[in-house]
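Presented below is the structure to which this report refers.
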Number of protein chains: 2
Amino acid sequence: MTSRLHAHIGTIRQLEIFLAVYEGGSITAASEMLYLTQPTVSMQIKKLAETIDMPLYEQIGRKLVFTDAGHALATTAKDVLNSFIDLETKLSDLRGLKAGTLKIAVVTTSQYFIPHLLGPFCERYPAIDIQLKVANRQQVIDRLSAGMDDFYVFSHLPEDIEMETIEFLPNPLVAIAPQNHPLTAKKRIHLETISDAPFLMREKGSGTRFAIEEFMKEHQIQLNLKMTIESNEAIKHAVMSGLGISILSAHTLAFGGRAGLVELAIKPLPIKTHWYFAWLKGKQLSIIANTFLNYVQSEGKETLLSELRQEQLDV
Amino acid sequence: MTSRLHAHIGTIRQLEIFLAVYEGGSITAASEMLYLTQPTVSMQIKKLAETIDMPLYEQIGRKLVFTDAGHALATTAKDVLNSFIDLETKLSDLRGLKAGTLKIAVVTTSQYFIPHLLGPFCERYPAIDIQLKVANRQQVIDRLSAGMDDFYVFSHLPEDIEMETIEFLPNPLVAIAPQNHPLTAKKRIHLETISDAPFLMREKGSGTRFAIEEFMKEHQIQLNLKMTIESNEAIKHAVMSGLGISILSAHTLAFGGRAGLVELAIKPLPIKTHWYFAWLKGKQLSIIANTFLNYVQSEGKETLLSELRQEQLDV
DNA sequence: TTTTTATATAGATAAAAGTCTATATATTGA
DNA sequence: TCAATATATAGACTTTTATCTATATAAAAA
């Protein structure tokens, strides 16, 4: 099969002309509708009938009487032209931000604040469909390499991929302990103290872990690693139940997430890291993506900061 | 509006090629599917994107990542190409008698036997849709002039229209009276006798009336016209209830339609007329129409004659 | 780094689409 | 029968489509 479908049904223009003839009831009427000369229409219809290889109508006196083939073709022509009109509408919606998809992939820790950023954007552009993928760092990196999404959110940026980035928000890492822990009473805790307590840590590859390790190396502190846990929520619950202390993004405590936990007043903390919005270098941002980027850098950032301040986190 | 839709969405071939790219996931894959060179596909897609005036995809590494516009276009392309495939099927059905419409317009009197002719044809070609229009003579003539149907059935052919015709079946006109009428006892009734009885006649323009008038003029008989009635069935019931006698097509009595009525044995009757199948001269008969014509002239005629013989009508 | 695998661009070309003007033909209605 | 109304055909022309070959460019894999 050579798959040359179009050869059997004529051109789109011919369908358009035929439909005008069908609806106008005559060649001349169609030619006037389309601002063409009568022979032009006559010709195109003749060609169309030749490619179809069946007569489309018969001329009885002054009237055109359409054959079964003519009726069938008219039906198809209507369907097809309507499909095109629908497409045009869709495309102009896409051009005008009245449709389309914004795809974002984020590492798990950022799931605590990202929805608070997307909410107002959604409200502003209700017709835009947002697809948010929450995955672990490696999965987000894979999606980044494959160019699957518009934006990616990291705390610790991957190094071997060429990207564009913007530093978006401070991501302070704070030490937490259960409410009844002896250290919670103290107003100023020395960093060295932390070595004594059993420490709960995120898994290797985690951005949080990377930042903690860098920080401790710098301050020449050896942690007393008790357990590796792959989830912030699980770590919080482990801390609550007295298994140890930990250092986590302050955002994991925001928006009602600090029940039963106390932030320790350790002197050089918090560890100052940042959240980054990243996208593949060279990838042409869609209009929607651009719009989102502008939003993030202006209102989005402001809104989020003020929300976090209300939560009394030292962001 | 210049109504040049096609200018905005490319050619059918381009849609076809784009769909191959979309489904194959790469330009090269598409070119192999379609037996084209890679630059050909690349070019056509580029043109398509230019007419749409939006990028359809982005190349990320070795993969193509489609934009929203690309996805929308692919959906439309699928719809459109499927419409064409459906059309092709329909057309080839039409070519092969596996679809299509046979349109016939008949004068009211012939409605008594025409269905018995169409029945077996329908069974033989179950996919063919038959549209039977039963109307008065003038309406059938109007449809004939406008070329609205494939065939027309008359007893008395119109004179001022150029047509092709075939004489199909005898249409004997017989005299009828109610069962209790004094004449029903007689075995041989003189034609003149008819002048005495009140006579019920079809309306002017009716083929039956035309034939009766011609016949009576020839035999120099003056009828005692009592009433003009526009329907065979109404005439039969008027005769039954003793309003008078009449002359009607024997076929109106066939297939169980003679209850309460008796055919009078008037000597030079029945009046011998015929049923004709007619169609516009110069109108190209469709394959279906041709098939029907052949059927009518062979099996159709035979079947109908033998059915009528069983009804003991002297056809 | 080189090879392999993809896509894009340039330049050429045959065929088809799409349009026109001028003219012929057919039908209807006065 | 003639004027009015329709459709069809002929011939010409421009633009676009749909291809190709050859070559450049880019990324991934070895």
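A:Ile45 has its CD1 atom 12 Å from the P atom of C:dT19, to the nearest Å. We find that CD of B:Gln14 is positioned 13 Å from C1' of C:dA17, with the value rounded to whole Å. A:Ile161 places its CD1 atom 14 Å from the C1' atom of D:dA27, with the value rounded to the nearest Å. Separating the CD atom of B:Glu58 from the C1' atom of C:dA6 is a distance of 16 Å, rounded to the nearest angstrom. Spacing between atom CG of B:Leu56 and atom C1' of C:dT7 amounts to 15 Å, rounded to whole angstrom units. Computed from coordinates, the B:Leu48 CG to C:dT7 C1' distance equals 17 Å when rounded to whole Å. For the pair B:Met43 CE and C:dA8 C1', the computed distance is 8 Å after rounding to whole Å. Taking atom NZ on A:Lys63 and atom P on D:dT5, their separation rounds to 17 Å, with Å as the unit.
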Derivation and outcome, side chain to side chain donor-acceptor pair (under 3.5 Å), residues B:Asn171 and B:Ser155
CA-CA 8 Å; B:Asn171 179 26; B:Ser155 172; 3.3 Å; yes
Test salt bridge (charged side-chain N to carboxylate O under 4.0 Å, His left out) applied to B:Glu16 and B:Arg13, step by step:
CA-CA 5 Å; B:Glu16 225 178 339; B:Arg13 180 57 167 165; 3.5 Å; yes
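Between A:Thr28 and D:dA6 there is no side-chain N or O to OP1 or OP2 distance below 4.0 Å. When the side-chain nitrogen and oxygen atoms of A:Arg13 are compared with OP1 and OP2 of D:dT16, none of them lie within a distance under 4.0 Å. Residue B:Thr11 has a polar side-chain atom (N or O) positioned under 4.0 Å from OP1 or OP2 of D:dA18.
Atom OG1 of residue B:Thr75 and atom CG of residue B:Leu19 lie 9.5 Å apart, to the nearest 0.5 angstrom. Distance check: B:Ile17 CD1 to B:Thr40 OG1 gives 7.5 Å after rounding to the nearest 0.5 Å.
In terms of modelled atom types and a separation under 3.5 Å, the side chain of A:Arg143 and the main chain of A:Met148 share no donor-acceptor contact.
The environment of B:Gln138 atom CD is dense: over 12 non-hydrogen atoms of other residues, nucleotides or ligands sit within 6.0 angstrom.
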Hey, what are the protein-to-nucleotides 21-26 of chain D N/O distances that come in under 3.5 Å?
none

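Taking the side chain as every heavy atom from C-beta outward, A:Tyr276 and A:His156 never approach each other to under 4.5 Å.
For the residue pair A:Ser83 and B:Val80, the shortest heavy atom distance occurs at CB-CG2, 3.9 Å.
Between A:Phe168 and the choices A:Phe277, A:Tyr295, A:Tyr152, the ring pair (Phe, Tyr, Trp, His ring centres under 6.0 Å) rule is met once, by A:Phe277.
Using cut-offs of 30° and 60° on the angle between ring planes, the pair A:Phe292 and A:Phe121 is perpendicular.
The side chain of A:Tyr57 lies closest to D:dT7 when the candidates are D:dT19, D:dT7, C:dT19. The side chain of B:Ser26 sits closest to C:dT7 out of C:dT7, C:dT19, D:dA8.
The residue A:Lys47 sits close to a base: some heavy atom pair falls under 4.0 Å.
When each of A:Ile17 and B:Lys46 is assigned the nucleotide of DNA chain C with its nearest heavy atom, B:Lys46 is the one assigned upstream, toward the 5' end.
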Readout for nucleotides 25-30 of chain C: B = base within 4.0 Å of protein heavy atom, S = sugar-phosphate only, - = neither; 5' to 3' it is --BB--
